[in-house]
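The next block holds one structure in the form of structure tokens; read it before the comments.
When a residue number appears, it is its place in the shown sequence, counting from 1. Order of appearance sets the numbers: ligands from 1, and atoms from 1 within every ligand.
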Amino acid sequence: MAQPIELQPQAITVQELAAINSRQVPERYIREGVGALDASFPVLDVPTIDLQLLASSSSTSGDELDKLRSALSSYGCIQAINHGITSAFLDKLREVARQFFALPSEEKKKYSREIGSIEGYGNDMILSEDQILDWTDRLYLILRPEDKQTLKFWPENPESFRGILNDYSTKLHVILEVLLKAMARSLNLEENQFLQQYGDQATMQARFNFYPICPRPDQVLGVKPHADGSVITMLLQDKEVEGLQVLKDDQWFNVPIIPQALLINVGDQAEIMSNGIFKSPVHRVVTNSERERITVAVFCIPHPDQEIQPVEELINETHPRLYKKVKDYVSLYFQYYQQGRRPMEAALI
Ligand code: OGA
Ligand code: NI
């Protein structure tokens, strides 16, 4: 498939739209036939996992490994606690994110995304005339490896933004290793099996999501249903405002907030590596008519030349190989994503 071609840049951000007209939403954001999005939804009891316990090689980690395997194979996500990042640090990150989005438009637009590329501030790519738009502005930045950072997109205001974000990515990298090793151990694999495929050239990419107040939460989504194209995604939720929903057993559930936790979910590439044992959950974001919401998602993504495939030991007669070998899954992913299709279709055998 050819690279997607972006039709038009959005001249106006959602934040500006919301400020100009606080009572109406342009047609292009309205979704019909999805049911009332502001209805009340049941709460998902996302399992809480203690990363400190996972990291210890003693027998005490056994129960936690079982819990991890079971969570990732049914919910596809966990609330990670005891991850080694202090609540004070998480609050600092939330605060610089808030300060950035609170800057005047002209200031933020210095970091605007360029047409056809993903990094920078603004809307997601629009790939067709009939694409229904999401009620969000985002700042997308490559964090790692450091020589892939494009600093012109990195806010200089607030002043501490860059330093805090670099510290955050260093801390997340430690967590990622603990987690990938634990995921392998939980399936009785040698602990480096997933880490090896993930590779040492992998990237971490941050998506700061800003969801303005929306006058039509019944018919507008913050982010349309999708599963992540990453191996793993680590989400720092807003401390007070919910909005994330996960699809489980064909029903949407609200993901509760645990302020000091990181919500970690399986991405499509971990589903492939685990031959379908771990589930990459479909999720979406609903909007809110009273409060804005800010989140920071970090996607952990192998280098585009890295081949990803089901681990050999997980394939046998009762569990035949489900997925092909894939490379540069993320490019593939975006071509499907903006059409509202599940990119995993492309990897299925
Ligand atoms: C994402 C995402 C969820 C949220 O950025 O991929 O699913 O709550 N974000 O912002
Ligand atoms: Ni997502």
Taking a 3.5 Å cut-off between nitrogen or oxygen atoms, can you list every pair linking ligand 1 to the protein, with distances?
{"residue": "ligand 1", "atom": "5 (O)", "partner": "Asn209", "partner atom": "ND2", "Å": "3.3"}
{"residue": "ligand 1", "atom": "6 (O)", "partner": "His226", "partner atom": "NE2", "Å": "3.1"}
{"residue": "ligand 1", "atom": "6 (O)", "partner": "Asp228", "partner atom": "OD1", "Å": "3.4"}
{"residue": "ligand 1", "atom": "7 (O)", "partner": "His226", "partner atom": "NE2", "Å": "3.2"}
{"residue": "ligand 1", "atom": "7 (O)", "partner": "His283", "partner atom": "NE2", "Å": "3.0"}
{"residue": "ligand 1", "atom": "8 (O)", "partner": "Arg293", "partner atom": "NH1", "Å": "3.0"}
{"residue": "ligand 1", "atom": "8 (O)", "partner": "Arg293", "partner atom": "NH2", "Å": "3.0"}
{"residue": "ligand 1", "atom": "10 (O)", "partner": "Tyr211", "partner atom": "OH", "Å": "2.6"}
{"residue": "ligand 1", "atom": "10 (O)", "partner": "Thr295", "partner atom": "OG1", "Å": "2.7"}

Item to check | salt bridge (Lys or Arg N to Asp or Glu O under 4.0 Å) against Asp66, all qualifying residues, sequence neighbours excluded | outcome: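 Residues passing salt bridge (Lys or Arg N to Asp or Glu O under 4.0 Å) with Asp66: Arg69.
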Checklist entry - Within 45° of the ring axis of Tyr75 and under 6.0 Å from its six-membered ring centre, is that where the NZ or CZ of Lys279 lies? => result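 Judged by the rule (NZ or CZ under 6.0 Å from the ring centre, within 45° of its axis), Lys279 is not positioned above Tyr75.
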Item to check | Trace of the side chain to side chain contact (heavy atoms under 4.5 Å, CB included) decision for Leu172 with Tyr168 | outcome: CA-CA 6 Å; Leu172 289 188; Tyr168 188 53; 3.5 Å; yes
Item to check | Near-ring test Phe101/Phe210, centroid separation under 6.0 angstrom | outcome: yes
Next on the checklist: Using a 6.0 Å cut-off, check whether atom CG of Asp250 has over 12 heavy atoms from anything other than its own residue.
Outcome noted: no
Item to check | side-chain hydrogen bond (donor to acceptor under 3.5 Å, both in side chains) between Ser105 and Glu16, intermediate numbers included | outcome: CA-CA 8 Å; Ser105 279; Glu16 289 170 323; 2.9 Å; yes
Next on the checklist: Return the NZ to SG distance between Lys248 and Cys77, rounded to the nearest 0.5 Å.
Outcome noted: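 Answer rounded to 0.5 Å: 9.5 Å.
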Next on the checklist: Please evaluate residues Asp328 and Tyr333 with respect to the criterion side chain to side chain contact (heavy atoms under 4.5 Å, CB included), reporting the C-alpha separation (whole Å), side-chain torsions for both, the decisive distance (0.1 Å), and the verdict.
Outcome noted: CA-CA 9 Å; Asp328 198 8; Tyr333 179 91; over 6 Å; no
Next on the checklist: Once ring-ring contact (aromatic ring centres under 6.0 Å, His included) is applied, what residue pairs with a partner in residues 14-39 remain, sequence neighbours excluded?
Outcome noted: Tyr29-Trp135
Item to check | Residue and atom names of protein N/O/S atoms that fall under 2.8 Å from the Ni ion (ligand 2) | outcome: His226 NE2, Asp228 OD1, His283 NE2
